[in-house]
Amino acid sequence: MDLSLSTETVGDRTIVRVGGEIDVYTAPKLREQLVELVNDGSFHLVVDMEGVDFLDSTGLGVLVGGLKRVRAHEGSLRLVCNQERILKIFRITGLTKVFPIHTSVEEAVAVLLQRGLPARHARP
C-alpha cells in the first residue's frame, strides 16, 4: 500500500494528514514532508494518523526525528490517533510519554488555547 500525505494550516499549526502504511518503504516520504515543513518555518505540527493502517519502527523513527526537529525551534509535534492497533505500538515503545496523542485534530489544535497559551509559545 502507498502513503498519502496532505497538509493544511490552521492558525500557526500545520496539520499533516497521513493515510496508508508508514513502513520502511514509505517512511522516507513522510520524513521529507516533515523536514520540508520545518525548513519552511512550520514548527507546530499536528500529525493526523487516523488514516494510517500500519506503522513500523521506521515510521516511529521518522516521527521521533520530526519531534526533535520542531523542538529545536521551540515547536511541538502532536499526534491524532484513536485506533487501538496503532496506539498499542506507542504504549509498548513508551512513546506515549514522548508524544501528546489526541483523539481528534480539533482537540490537538485547541488544547493550547484551552490552557490560555498562544500555540507558538507553548511546549507539549
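When reading the values below, keep in mind they use all heavy atoms of this one structure, side chains included, and skip hydrogens, waters and symmetry mates. What you are looking at is a predicted structure, and each value in this text was computed from that prediction instead of being measured. Sequential numbering from 1 along the given sequence is applied to the chain's residues.
Within the model, atoms CD1 of I86 and SG of C81 stand 6.0 Å from one another, a figure rounded to the nearest 0.5 Å. How far CG of N82 is from NE2 of H102: 12.5 Å, rounded to the nearest 0.5 Å. We find the CG-CG distance between L87 and L95 to be 12.0 Å, quoted to the nearest 0.5 Å. Considering CZ of R78 and CD1 of I101, their distance stands at 11.0 Å, rounded to 0.5 Å. Distance check, rounded to the nearest 0.5 Å: CD of E36 to CD of Q33 gives 5.5 Å. Note that CG of L60 and OG1 of T93 are 5.5 Å apart. Values are rounded to the nearest 0.5 Å.
Nearest heavy-atom pair across V70 and S42 is CG1-O, 4.4 Å.
No side-chain heavy atom of E32 sits under 4.5 Å from any side-chain heavy atom of L34. Side-chain contact check for F43 versus D12: every heavy-atom pair is 4.5 Å or farther apart. Residues T58 and I22 fail the side-chain proximity criterion, which asks for heavy atoms closer than 4.5 Å. Between V98 and F90, every side-chain heavy-atom pair lies at or beyond the 4.5 Å cut-off. When side chains are defined from C-beta on, V18 does not count as touching D48, because their heavy atoms never get closer than 4.5 Å. The shortest side-chain heavy-atom distance between L63 and L79 falls under the 4.5 Å cut-off. Contact annotation: the side chain of V38 approaches that of H73 to within less than 4.5 Å [non-hydrogen atoms, C-beta and beyond]. Taking 4.5 Å as the limit, some side-chain heavy atom of V35 sits within range of a side-chain heavy atom of R69.
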Verdict with reasoning, Y25 to L3, per side-chain contact (heavy atoms from CB on, under 4.5 Å)
CA-CA 9 Å; Y25 301 106; L3 182 71; over 6 Å; no
After noting the C-alpha distance and the side-chain angles of D53 and R85, does the key distance pass the side-chain contact (heavy atoms from CB on, under 4.5 Å) rule?
CA-CA 9 Å; D53 301 317; R85 68 183 178 278; 4.0 Å; yes
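Annotation: salt bridge (charged side-chain N to carboxylate O under 4.0 Å, His left out) contacts of E50 (sequence neighbours excluded): none.
Judged by distance alone, with hydrogens and angles left aside, the side-chain atoms of T9 form no donor-acceptor pair with the main-chain N or O of T14 at under 3.5 Å. Here the side chain of D56 pairs a donor or acceptor atom with the backbone of V24 at under 3.5 angstrom. Judged purely by atom type and a 3.5 angstrom limit, Q83 uses its side chain to pair as donor or acceptor with the backbone of M49.
A donor-acceptor contact under 3.5 angstrom links the side chains of S76 and R13, judged on distance only.
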